[in-house]
Protein chains: 2
Amino acid sequence: MLTIGTLSKKTGTKEQTIRYYEQIGLMPEPGRTEGGQRRYDNAQLDRLSFIRHSRQLGFSLDAIRELLDLSDQPNRPCEEADAIARRQLKQVEQRMARLKALRTELKRMVHECSGGRTADCKVLEVLRDHSECLTEHDEIGA
Amino acid sequence: MLTIGTLSKKTGTKEQTIRYYEQIGLMPEPGRTEGGQRRYDNAQLDRLSFIRHSRQLGFSLDAIRELLDLSDQPNRPCEEADAIARRQLKQVEQRMARLKALRTELKRMVHECSGGRTADCKVLEVLRDHSECLTEHDEIGA
DNA sequence: GCTTGAACCTCTAGTAGCTAGAGGATGTAA
DNA sequence: TTACATCCTCTAGCTACTAGAGGTTCAAGC
């Protein structure tokens with residue numbers, strides 16, 4: 001039986017985060033000691049590792065919920081899991097494409113700035129006028 | 001004089017967002033009609049365009065605040081603005097590097113999945129066991 | 001058995017950057 | 001004057017946590 005602190009260390013997840021996952025139903029309610037402290041078993045350790053790893057790969061908590069559900073039904077076809085992963089891959093690729101355009105623009109801004117007064121600053125000038133941009137970029141919070 | 005609705009359309013910013021920017025002090029308090037409705041001038045339109053464009057390039061609201069301050073002081077050296085842009089460029093490059101690693105892993109997951117039962121699903125298997133990953137990836141919310 | 005202190009508990013509030021909706025007031029054209 | 005689009009404020013919600021206050025429990029050493 002593992003305490004929350006041990007589970008936290010083993011998975012690299014903050015204790016508060018573990019409680020949060022329990023609260024939103026991503027982790028099951030664990031057993032408790034008589035005094036009310038949480039105690040975990042290995043199945044729960046595995047589940048948390050799964051969640052953690054999925055988060056590192058950028059899956060949303062909702063997507064992880066779906067993946068966990070699928071994982072609990074070994075005899076279903078795995079197309080759904082595959083679809084979720086493909087969706088995630090697509091998102092990652094879209095984000096990369098956007099970042100690439102932003103990088104181009106930022107590089108240009110920075111390179112053209114010759115270090116004079118802010119009145120002549122190329123960085124500020126570009127920000128003032130979108131039409132100076134060579135690339136299109138219209139995603140906020142990409 | 002522009003209404004908030006017109007400003008919203010011209011800049012592609014939601015009305016609520018404009019009010020939010022005012023609330024956090026990023027946009028100045030505009031004039032009001034007798035009845036209390038906001039009316040904007042061209043300086044405010046320019047300012048909002050600047051904010052909007054900076055957001056599209058991924059700058060945080062805090063960074064934008066700094067950039068706006070600099071922009072208001074035409075005689076100061078523009079090194080600070082340049083530094084902010086460089087910082088942003090660096091962040092973008094870091095995010096791209098992380099996404100690249102994630103993409104590699106996701107691609108591998110998806111390609112290896114042959115479409116059987118979830119019990120044998122490669123996608124789920126990889127998520128269960130980080131040691132199967134060929135690349136390192138340890139950024140959440142990249 | 002008792003003490004001590006690390007680890008645990010719950011609860012609230014905060015983070016970024018908005019977004020949605022309720023319920024009501026205003027502006028403007030016909 | 002009437003209709004109704006647009007505006008107002010206020011509250012609460014979103015994602016995915018994180019921090020901290022104030023109090024309780026566990027386990028090891030004496």
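Letters A, B, ... are given to chains in the order of the sequence lines, protein chains preceding strands, and every chain is numbered from 1.
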Should [X] be listed as having a side-chain N or O under 4.0 Å from OP1 or OP2 of [N]?
X	N	value
A:Tyr20	D:dT15	no
A:Thr17	D:dA16	no
A:Arg38	C:dC8	no

*Across the strands shown, which category fits B:Ile4 at heavy-atom distances under 4.0 angstrom: base, sugar-phosphate, nothing?*
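The residue B:Ile4 makes sugar-phosphate contact but no base contact.
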Kindly give the heavy-atom pair with the smallest separation between [X] and [Y], and that separation in Å.
X	Y	result
A:Leu106	B:Ala85	CD2-O, 4.4 Å
B:Glu15	B:Gly5	OE2-CA, 3.6 Å
A:Leu61	A:Arg55	CD2-CD, 3.6 Å

*Could you write nucleotides 19-27 of chain D as a row of B, S and -, 5' to 3', where a protein heavy atom under 4.0 Å of any base atom gives B, of only sugar-phosphate atoms gives S, and otherwise -?*
BB----BS-
What is the distance, rounded to the nearest whole Å, between atom [atom1] of [X] and atom [atom2] of [N]?
X	N	atom1	atom2	answer
A:Met1	C:dC8	CE	P	15 Å
A:Gln23	D:dC14	CD	C1'	15 Å
A:Glu22	C:dC11	CD	C1'	14 Å
A:Gln56	D:dC17	CD	P	11 Å
B:Glu15	C:dC18	CD	C1'	15 Å
B:Tyr21	C:dC18	OH	P	3 Å
A:Ile18	C:dT10	CD1	P	13 Å
B:Arg55	C:dA16	CZ	P	11 Å

*Can you pull the side chain to side chain donor-acceptor pair (under 3.5 Å) pairs that have at least one residue in residues 35-45 of chain A, sequence neighbours excluded?*
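Non-adjacent pairs meeting side chain to side chain donor-acceptor pair (under 3.5 Å): A:Glu22-A:Arg38.
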*side chain to side chain donor-acceptor pair (under 3.5 Å): pairs with one or both residues in residues 80-90 of chain A, sequence neighbours excluded*: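 Qualifying pairs, neighbours excluded: A:Arg76-A:Glu80, A:Asp82-A:Arg86.
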*For the side chain of B:Arg19, starting at C-beta, report the closest nucleotide among D:dC7, C:dC18, D:dC17.*
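Given the options D:dC7, C:dC18, D:dC17, the side chain of B:Arg19 is closest to D:dC7.
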*Name of the residue among A:Ser71, A:Ser49, A:Ser54 meeting side chain to side chain donor-acceptor pair (under 3.5 Å) with B:Arg128*: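 For B:Arg128, the side chain to side chain donor-acceptor pair (under 3.5 Å) test succeeds with only one of A:Ser71, A:Ser49, A:Ser54, which is A:Ser71.
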*Do B:Leu68 and B:Met27 touch side chain to side chain, with heavy atoms closer than 4.5 Å?*
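They are not in contact (no side-chain heavy atoms under 4.5 Å apart), so the answer is no.
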